[in-house]
Chemist: 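This structure is in structure tokens; I'll ask about it shortly.
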Amino acid sequence: MIRSLQPSDQEQTIKFLQQSSSMNLFTIGDIYQYGMQTDFQQLWGDFDSEGTLRGILLRYQDSFIPTAYGDFDMEGFAEIILQHTDQLTMLSGSQTVIDAFRSYTPLPLNWEMKRDCYFAEMTQLHEKTNFDFDDDRFSLRKIKSTEVPKLVALLDKIKEFPPRSNDLKFIQNTIETGASRCYVIEANQKFISSAQTTAENPHSAMVVAVATDPAYRGKGLASQVVSKLCGELLAEGKQPCLFFDNPAAGSIYHRLGFRDIGKWTMVQKKQNEAI
């Protein structure tokens with residue numbers, strides 16, 4: 001049986017998600033930040049015949065994330081997603097769960113362009129780096145929300161990243177509310193390297209926006225920023241997590257102490273699909 005999850009279900013839902021708190025940090029973070037039901041966030045639960053929760057489906061704005069650890073009502077979740085195709089942009093989650101939806105052909109998903117990333121978590125910082133740039137014009141520090149435009153200016157230099165200008169107000173809000181934090185290395189009043197968190201919750205945080213200005217690469221700056229950020233998270237009892245598909249980046253993360261725990265799959269909606 002699938003039904004909408006209500007505030008009274010939050011304790012049971014969090015307990016279910018904490019079976020893999022790192023892989024489920026987006027859903028956990030969204031629940032802590034926004035609650036169980038809002039105009040832009042909805043949650044459904046799949047219960048077995050004995051009333052035990054066995055699967056969760058989250059809609060956050062135009063993204064859907066299903067969670068399960070074994071058998072679940074894939075078709076039931078797929079039908080809910082199909083009812084919200086006007087709000088669907090992406091389906092994402094652990095590779096095993098997302099691949100189960102491939103057999104449900106009515107879903108307008110572009111499986112040919114699906115993206116599989118390694119999902120990694122850190123329980124201990126292996127290589128703590130100390131900021132030792134031999135020039136006092138360079139500094140490593142946490143930014144304020146008012147400095148987000150300088151962060152966006154750096155991220156927009158990274159060709160692998162989508163344009164972030166439209167995200168400026170959202171990033172500012174998450175930093176103001178404590179839902180995220182960002183460390184940077186600054187030089188000549190410009191940000192040249194960064195690492196940010198998103199989906200922070202009492203148990204974990206996703207590390208994102210790891211970037212270095214192309215003119216300053218090869219100096220180990222990203223390692224120093226990520227090390228500083230992860231050290232602070234671990235000191236607060238939060239596990240840093242991230243996903244990557246670049247082997248070179250993966251080798252850096254592994255050296256710092258991240259270990260792969262699975263794969264995260266993202267599948268976008270087909271463009272101009274008639275339903």
Side-chain angles (χ1 to χ4, degrees), residues 5 7 10-11 13-15 17-18 20-43 56 58-63 65 67 92 119-125 128 131 139-155 161-162 164-186 191 193-211 222 224-243 253 256-258 264:
L5 294 175
Q10 180 165 328
E11 183 177 352
T13 301
I14 292 293
K15 184 176 180 181
L17 294 168
Q18 283 178 342
S20 181
S21 59
S22 293
M23 289 291 287
N24 296 326
L25 67 84
F26 286 120
T27 304
I28 294 172
D30 287 342
I31 291 173
Y32 276 114
Q33 186 73 12
Y34 305 111
M36 298 296 286
Q37 298 287 344
T38 70
D39 57 346
F40 59 84
Q41 177 164 295
Q42 295 173 273
L43 288 130
I56 289 173
L58 166 73
R59 178 186 74 84
Y60 176 79
Q61 295 189 9
D62 56 4
S63 179
I65 301 178
T67 300
S92 63
F119 195 105
E121 69 176 6
M122 176 188 287
T123 56
Q124 183 178 1
L125 187 61
K128 187 174 182 179
F131 186 70
S139 62
L140 171 58
R141 63 179 179 84
K142 188 185 294 185
I143 73 168
K144 301 175 183 177
S145 61
T146 55
E147 298 176 298
V148 169
K150 292 171 66 175
L151 172 65
V152 169
L154 166 63
L155 299 180
F161 289 176
R164 298 297 177 93
S165 299
N166 292 336
D167 298 332
L168 194 150
K169 289 185 178 179
F170 175 76
I171 299 172
Q172 285 178 323
N173 181 65
T174 60
I175 291 178
E176 286 175 357
T177 61
S180 72
R181 68 188 84 182
C182 179
Y183 274 92
V184 300
I185 293 177
E186 185 177 26
F191 295 163
S193 192
S194 69
Q196 182 190 344
T197 63
T198 189
E200 285 206 32
N201 62 73
H203 315 285
S204 54
M206 176 64 72
V207 178
V208 297
V210 178
Q224 296 194 59
V225 180
V226 172
S227 173
K228 178 68 175 180
L229 178 62
C230 291
E232 184 173 278
L233 291 170
L234 290 168
E236 297 174 7
K238 298 182 179 183
Q239 282 192 319
C241 304
L242 52 78
F243 45 73
Y253 298 139
L256 290 173
F258 283 95
W264 187 265

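Side-chain atoms are counted along with the backbone in the values below, which use heavy atoms only and exclude waters and symmetry mates.
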Chemist: More than 12 heavy atoms of other residues, nucleotides or ligands under 6.0 Å from NZ of Lys142: is that the case?
Modeler: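 More than 12 within 6.0 Å, yes.
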
Chemist: I'd like to check the salt bridge (charged side-chain N to carboxylate O under 4.0 Å, His left out) partners of Glu176; sequence neighbours left out, ordered by chain and number.
Modeler: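 For Glu176, no residue satisfies salt bridge (charged side-chain N to carboxylate O under 4.0 Å, His left out) once neighbours in sequence are set aside.
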
Chemist: Please report the shortest heavy-atom distance between Val184 and Cys182, naming the atom on each side.
Modeler: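 Closest pair (atom of Val184, atom of Cys182, distance): CG1-SG, 3.9 Å.
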
Chemist: Sequence neighbours left out, what passes side chain to side chain contact (heavy atoms under 4.5 Å, CB included) with Leu154? Give chain and number order.
Modeler: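 Applying side chain to side chain contact (heavy atoms under 4.5 Å, CB included) to Leu154 gives Phe191, Ser194, Asp213.
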
Chemist: Donor-acceptor pair, Ser180 side chain versus Ala199 backbone, under 3.5 Å?
Modeler: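 No; judged by distance alone, with no hydrogens or angles, the pair does not exist.
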
Chemist: Test of understanding: with salt bridge (charged side-chain N to carboxylate O under 4.0 Å, His left out), list the residues that count as partners of Glu186, not counting sequence neighbours.
Modeler: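 Only Arg141, Lys150 meet the salt bridge (charged side-chain N to carboxylate O under 4.0 Å, His left out) criterion with Glu186.
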
Chemist: Take Leu43 and Thr27 through the side-chain contact (heavy atoms from CB on, under 4.5 Å) test and state the conclusion after the steps.
Modeler: CA-CA 9 Å; Leu43 288 130; Thr27 304; 4.1 Å; yes

Chemist: Quick one: closest heavy-atom pair of Ala209 and Gln196, and the distance?
Modeler: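 Residues Ala209 and Gln196, closest heavy atoms: CB-OE1, 3.8 Å.
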
Chemist: Apply side chain to side chain contact (heavy atoms under 4.5 Å, CB included) to Pro202 and list each qualifying residue two or more places apart in sequence or on a separate chain.
Modeler: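 Applying side chain to side chain contact (heavy atoms under 4.5 Å, CB included) to Pro202 gives Tyr32.
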
Chemist: Can you establish whether the number of heavy atoms outside Glu11 located under 6.0 Å from its atom CD is more than 12?
Modeler: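 Atom CD in Glu11 is not packed in, count stays at 12 or less.
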
Chemist: Return the minimal non-hydrogen interatomic distance between Pro7 and Met36, and the atom names on each side.
Modeler: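 Closest approach of Pro7 to Met36, heavy atoms only: CA-CG, 3.7 Å.
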
Chemist: side-chain contact (heavy atoms from CB on, under 4.5 Å) between Glu236 and Glu232: does it pass, once the steps are laid out?
Modeler: CA-CA 7 Å; Glu236 297 174 7; Glu232 184 173 278; 3.8 Å; yes

Chemist: Which pair of heavy atoms, one from Cys230 and one from Leu125, lies closest together, and at what distance?
Modeler: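 Minimum heavy-atom separation between Cys230 and Leu125: CB-CD1, 4.5 Å.
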
Chemist: Does a side-chain heavy-atom distance below 4.5 Å link Leu25 with His203?
Modeler: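 When only atoms from C-beta onward are counted, His203 and Leu25 do not touch, as no gap falls below 4.5 Å.
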
Chemist: Rounded to the nearest 0.5 Å, what separation is found between the CD1 atom of Ile185 and the CD atom of Gln224?
Modeler: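 One finds 5.0 Å between CD1 of Ile185 and CD of Gln224.
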
Chemist: One pair to check against side-chain contact (heavy atoms from CB on, under 4.5 Å): Thr174 and Thr198. What are the steps and the verdict?
Modeler: CA-CA 8 Å; Thr174 60; Thr198 189; 5.9 Å; no

Chemist: For the atom pair CD (Gln37) and CG (Leu5), what is the distance rounded to the nearest 0.5 Å?
Modeler: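 Between atom CD of Gln37 and atom CG of Leu5 there are 7.0 Å.
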
Chemist: Grab the two heavy atoms, one from Ile175 and one from Lys144, that are nearest each other, plus how far apart they are.
Modeler: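 Heavy-atom minimum between the residues: CG2-C, 4.3 Å.
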
Chemist: What are the two closest non-hydrogen atoms of Leu256 and Met122, and how far apart are they?
Modeler: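 Residues Leu256 and Met122, closest heavy atoms: O-CE, 3.5 Å.
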
Chemist: Rounded at 0.5 Å granularity, tell me how far OG in Ser22 sits from CD in Gln239.
Modeler: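 It is 4.0 Å, given to the nearest 0.5 Å.
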
Chemist: Does Gln33 have any side chain to side chain contact (heavy atoms under 4.5 Å, CB included) partners at least two apart in sequence or in another chain, and if so, which?
Modeler: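 For Gln33, the residues satisfying side chain to side chain contact (heavy atoms under 4.5 Å, CB included) (neighbours in sequence not counted) are Thr177, Ala179.
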
Chemist: Is it true that Tyr60 and Phe26 have ring centroids separated by less than 6.0 Å?
Modeler: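 Not under 6.0 Å, so no.
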
Chemist: For the CG atom of Asp30 and the CD atom of Gln61, what is their distance to the nearest 0.5 Å?
Modeler: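 One finds 9.0 Å between CG of Asp30 and CD of Gln61.
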
Chemist: Quick check against the 3.5 Å criterion: does Asn24 have a side-chain atom that pairs as donor or acceptor with the backbone of Leu17?
Modeler: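 Confirmed, Asn24 side chain pairs with Leu17 backbone.
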
Chemist: Taking the side chain as everything from C-beta on, heavy atoms only, tell me whether Val225 gets closer than 4.5 Å to Val210.
Modeler: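 Side chain of Val225 against side chain of Val210, heavy atoms only: no contact under 4.5 Å found.
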
Chemist: Between OG of Ser145 and CG of Asn173, what distance do you get to the nearest 0.5 Å?
Modeler: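 One gets 9.0 Å once the value is rounded to the nearest 0.5 Å.
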
Chemist: Begin with the C-alpha distance, continue with both residues' side-chain angles, and end with the deciding distance and a verdict on side-chain contact (heavy atoms from CB on, under 4.5 Å) for Met23 and Trp264.
Modeler: CA-CA 8 Å; Met23 289 291 287; Trp264 187 265; 4.2 Å; yes

Chemist: Test your reading of the model: is there a side-chain donor-acceptor pair from Gln124 to the backbone of Gly257, 3.5 Å cut-off?
Modeler: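 It does not hold such a pair.
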
Chemist: Taking atom OG1 of Thr197 and atom OH of Tyr183, what is their separation to the nearest 0.5 Å?
Modeler: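 Thr197 atom OG1 to Tyr183 atom OH measures 10.5 Å (nearest 0.5 Å).
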
Chemist: Does Arg59 have any salt bridge (charged side-chain N to carboxylate O under 4.0 Å, His left out) partners at least two apart in sequence or in another chain, and if so, which?
Modeler: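 Expected list: none.
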
